[in-house]
Amino acid sequence: MISERLASLVERAIDRATKDGKLGPLTGCPIPVLVERPRLPEHGDLAVGTALKLAGQAKMPPIKIAEIIAEYIEKDEEAGKHNIERLAVAPPGFINFHLSTGWLEAALSNIHEKGEKFGALNIGEGKKVLVEYVSANPTGDLHIGHGRGAVYGSCLSNLFAFVGFSVEQEFYVNDAGVQISQLGECAWALYQRLQGREVPYPEEGYPENSLMHFLEPIVKENGDKYLSCDSEEGPKKLGEITKMTIMESQRKLLSRLHVNFDTWFSETSLHTSDAVSSVLKEFEKKQKSYESEGALWLKAKELGDERDRVLRKSTGATTYLANDAAYHLDKFNRGFDQLVNIWGADHHGQVPGLKAVVKALDLDADKLEIILTQIVNLSREGQMVRMSKRAGTVVTLEEVMDEVGVDATRYYLAESNPQNPINFDLELAKRTSRENPAFYIQYAHARCCAILRRATEEQVNQESGVTEKPVLTQEQLEAYKVDYKNSPQAFRAAFEPGHEVYQCQKALVQKLDSFPDEVKEAALSRLPGRLARYAYDVANDLQKFYEVSRVITDDLSVTKARLGLILATKQVLANALKIIGVSAPERM
RNA sequence: GCGCUCGUAGCUCAGUGGAUAGAGCCCCCGCCUUCUAAGCGGGUUGUCGUUGGUUCGAAUCCAACCGAGCGCGCCA
C-alpha cells in the first residue's frame with residue numbers, strides 16, 4: 001500500500017536523522033507514522049504530521065523537525081522521482097507529498113494480482129468466532145428492527161470471514177416458556193374461529209392480525225383435523241405448528257435478504273438436554289448462587305452487576321437469565337475463541353447479568369462481546385411512520401423489502417453505525433438516482449462493466465446502423481489481465497502527469513489502494529458500514545475520472561492501461577459490495 | 001433517581017489530538033454529436049448541546065450541567 005510505503009520511508013528518515021543526532025534527544029522513531037489525505041490539493045496527495053507530534057520529545061519547533069525529516073527523505077532512494085514527484089514542508093510542521101506514477105502503478109498491479117482477495121487480511125488467524133443475531137421469538141413477523149440486526153450481523157460475519165476468522169452464524173430460537181404457550185392459545189383460538197367456532201380471543205395475546213396470515217394456510221392444509229382437541233391439547237398442537245410455520249417464514253425472508261444462518265439453536269433443547277439444570281448445579285458448586293424467598297439467586301452484584309438476579313423463580317420455572325447461562329456455557333464449550341452477540345438496544349439491561357453469569361462460571365468474559373443495535377424509525381417523505389404493536393400497525397420487514405428492494409434495504413441498514421438510531425426513508429430508498437447511495441454505487445460498477453463490454457463487443461451505431469468492430473478481442477483482454485498482474489509498467493500509459501486528469505486518477509488509485517486499510521478499520525471497530533461509505537467514495541472518484549477522460553481511445557497502450565484501471569475499480573467495488581451483501585450488477 | 005447510548009449545516013449523517021470542520025439531500029446556475037446524463041462541475045449553509053479543564057493545538061480526551069432515546073421485574 002502506498003501509505004505504508006510512505007510511512008516506512010518517513011520512519012526510516014527519522015531513524016537516520018536521530019542516529020546523526022539531528023533530532024535532539026530522540027533515538028529512533030518513537031511513534032507510528034500516520035499518513036493522511038490532505039483536503040486541499042495544494043497540500044499534495046499525501047501528508048504526514050509526525051513532526052508536530054515529535055515536537056515535545058525532540059524539544060524542537062515542529063517546522064524545524066519537518067525540514068530535517070524532509071532532508072533525509074530526499075536522500076532515500078525510494079523517494080526518487082519515479083515515486084515521489086516532490087515534497088514540501090508546510091507550517092506548522094506538515095510534510096506534503098506529491099505522488100509520481102511508480103507507487104500508483106504498483107498499487108494497481110497489486111489489486112489485479114489479489115483479485116477478489118484484494119483487501120482480505122489475516123487478523124483473525126483462523127480463530128473461531130460465533131456471531132449470534134436476530135434471535136427473534138417465533139411468534140410473529142420480523143420487523144425493520146430485526147432487519148437491522150440481521151443485516152448488521154450478516155455484514156459483520158462477512159467482514160470477519162474476509163479478515164481471516166472462521167465464522168459461524170447462529171439464530172437463537174426462543175421457543176420455550178410463556179411466549180410460546182401464549183402463541184398456542186392465540187393460534188388455537190384463531191384456528192377454531194376459522195372453522196366457524198365462536199370462541200373468545202386471549203385478551204393479552206398477540207394482535208390477531210399479526211397471526212391470522214399464518215393460521216390461514218395451516219387451516220387450509222389441516223382442515224378440521226385438530227378441532228376435536230381439548231383446551232389443553234389444542235393450544236399445544238396449534239402452537240407447535242404455528243411456531244414451525246413462523247420460523248420457516250422467518251428463515252425464508254432472511255434468506256431473501258442474503259442473511260443465512262449455519263445453526264438455529266433451540267432454547268427448548270437446553271431444557272430437554274438438562275443443560276439448564278446442570279448450569280444451576282454449576283453455580284451452586286462454585287458458590288455463586290443462594291436460595292432466598294423460595295427462589296434461587298445468582299450472586300451477580302459481587303460480579304459487577306448492580307444487584308443479584310433470580311435464576312429460578314419460586315414457581316420452579318427458570319428465568320430467561322438461567323436459560324441464557326446454559327446457552328452461553330454451551331457456546332463456550334463448543335470451543336469458540338470469540339463470541340459476538342448482537343442484541344436490540346432495548347435488551348441492554350441484560351448485559352451485566354450475562355457478563356456476571358460468564359464470570360461466575362469462570363469463563364473468559366473478554367471473549368464475549370455484546371453489540372447493541374439502536375432502533376430504526378421508518379419515515380416516508382420526511383414524515384415519521386408511527387408504529388404500534390398493539391394496534392397492529394407495525395410495518396414488517398417483508399413489506400419494506402417488497403417496497404424498496406433487497407439491495408436498498410441492505411444498504412441502508414448496513415451503512416449506519418449500529419449504536420445510532422436511524423431514520424429509514426422509504427421514498428428515498430426507492431429512488432434510483434444519486435440521492436440513493438445504493439444505486440449510485442451499483443451504477444458505478446455497471447458503468448465499469450459497460451466500458452469493458454464496449455471494448456470487446458461489437459457495437460451497432462445508433463444513427464448509421466453500421467456495425468463497428470470492437471477495439472479488442474476477448475483473448476487480447478485476457479492477455480492484458482496477465483500483464484496487469486505481472487508488470488506494473490502496463491499502467492504507465494494511463495497516467496499523464498501534469499494533466500488535469502492526473503488529479504482524478506491519483507485520487508481514484510489512492511482510494512482503491514486504501515481498501516485493505518478500510519477493511520482493517522471496519523473489522524477492528526466492528527463497523528462494516530464504513531465499507532458502504534468507502535464504496536460510495538470509490539464510485540464518486542470513478543465518476544469524476546470518467547467525466548474527464550475516455551478509456552477507449554485510438555492509442556492501444558493507453559486503452560490497455562486505462563482498462564486496467566477500470567477493471568481494478570470494478571474489482572474493488574465488487575469486493576466492498578460483497579461484504580455489505582449488496583449485488584454488483586453488470587448492467588442497469 | 002440510577003445506568004447505558006447519543007447530541008456536528010434546514011434534513012440525513014462522516015469526522016482515528018492537528019492545516020480554513022466535511023459529504024449527500026434541499027435550493028440556484030452551468031454541462032449530453034463522443035465508453036450508461038441513473039452522471040459531472042459551480043454557488044449558499046455551522047455558538048461542533050452548554051460551561052469549565054488537560055494540551056503548543058480539542059468536534060475529538062476529562063468533569064459538571066442541559067437535552068433526546070432506551071433500560072432499571074421471581075417478564076421474555
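Throughout, protein chains are lettered first and strands after them, A, B, ... in sequence-line order, and every chain is numbered starting at 1. Scope of the values below: all heavy atoms of this structure, side chains included, with no hydrogens, waters or symmetry mates. Everything numeric in this text was worked out from a predicted model, so none of it was measured.
Scored by the salt bridge (Lys or Arg N to Asp or Glu O under 4.0 Å) test, Asp537(A) finds Lys511(A) as partners (sequence neighbours excluded). Qualifying ring pair (Phe, Tyr, Trp, His ring centres under 6.0 Å) partners for Phe283(A), counting only residues two or more places apart in sequence or in other chains: none.
No hydrogens or angles were tested; on distance alone, nothing pairs the side chain of His347(A) with the base of G71(B) as donor and acceptor under 3.5 Å. On a pure distance criterion of 3.5 Å, a polar donor-acceptor pair joins the side chain of Asn96(A) and the base of A19(B). Taking 3.5 Å as the limit, the base of C74(B) and the side chain of Ser314(A) contain a donor-acceptor pair of atoms between them. Put simply, the side chain of Tyr443(A) and the base of U36(B) share a donor and an acceptor less than 3.5 Å apart. For a distance-only test at 3.5 Å, the side chain of Gln350(A) qualifies as a donor-acceptor partner of the base of A76(B).
Below 30°, between 30° and 60°, or above 60°: for Tyr484(A) and Phe491(A) the angle between ring planes is below 30°, a parallel geometry. In this structure, Phe171(A) and Trp264(A) have parallel ring planes: the angle between them is below the 30° cut-off, well short of the 60° mark.
The pair Glu518(A)-Arg533(A) fails the salt-bridge criterion, with no side-chain N (NZ, NE, NH1 or NH2) lying under 4.0 Å from an Asp/Glu carboxylate O.
Among the nucleotides U36(B), A14(B), C13(B), the one closest to any side-chain atom of Asn423(A) is C13(B).
Going from atom CD of Gln503(A) over to atom C1' of G41(B) covers 16 Å, rounded to whole Å. Rounded to whole Å, atom P of C25(B) lies 14 Å from atom CD of Glu415(A). Nucleotide U60(B) holds its P atom 16 Å from the NZ atom of Lys53(A), rounded to whole Å.
You can call Phe94(A) stacked on the base of A19(B); the centres are under 5.5 Å apart and the planes sit within 30°. Where stacking is scored as ring centres under 5.5 Å apart with planes under 30°, His43(A) registers as stacked on the base of A19(B).
Phosphate proximity of G73(B) to Tyr320(A): absent, as no side-chain N or O sits under 4.0 Å from OP1 or OP2. Between Tyr440(A) and C40(B) there is a side-chain N or O to OP1 or OP2 distance below 4.0 Å.
Within the nucleic acid shown, Val551(A) comes within 4.0 Å of at least one base atom, counting heavy atoms only.
Rounded to a whole angstrom, the distance from the P atom of U12(B) to that of C26(B) is 15 Å. Taking the P atom of each, U44(B) and A37(B) are spaced 28 Å apart, rounded to whole Å. Between A58(B) and C62(B), the distance separating the two C1' atoms is 11 Å to the nearest Å. Taking atom C1' on both U50(B) and U8(B), the two are 15 Å apart, rounded to the nearest angstrom. When the P atom is used for both C25(B) and G39(B), the distance is 9 Å, rounded to whole Å.
Within a 6.0 Å radius of CG in Asp555(A), more than 12 heavy atoms belonging to other residues, nucleotides or ligands are found.
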Review point. Starting at the 5' end of RNA chain B, what dot-bracket string do you get if Watson-Crick and G-U pairs under 3.5 Å are bracketed, crossing pairs use [ ], other-strand pairs use | and unpaired bases use dots?
Key: (((((((..((((....[...)))).(((((.......))))).....(((((..]....))))))))))))....
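Side-chain contact between Ile422(A) and Tyr412(A) is absent, with no heavy atoms from C-beta onward closer than 4.5 Å.
For the pair Arg86(A) and Phe97(A), the cation-pi test (distance below 6.0 Å, angle within 45°) is failed.
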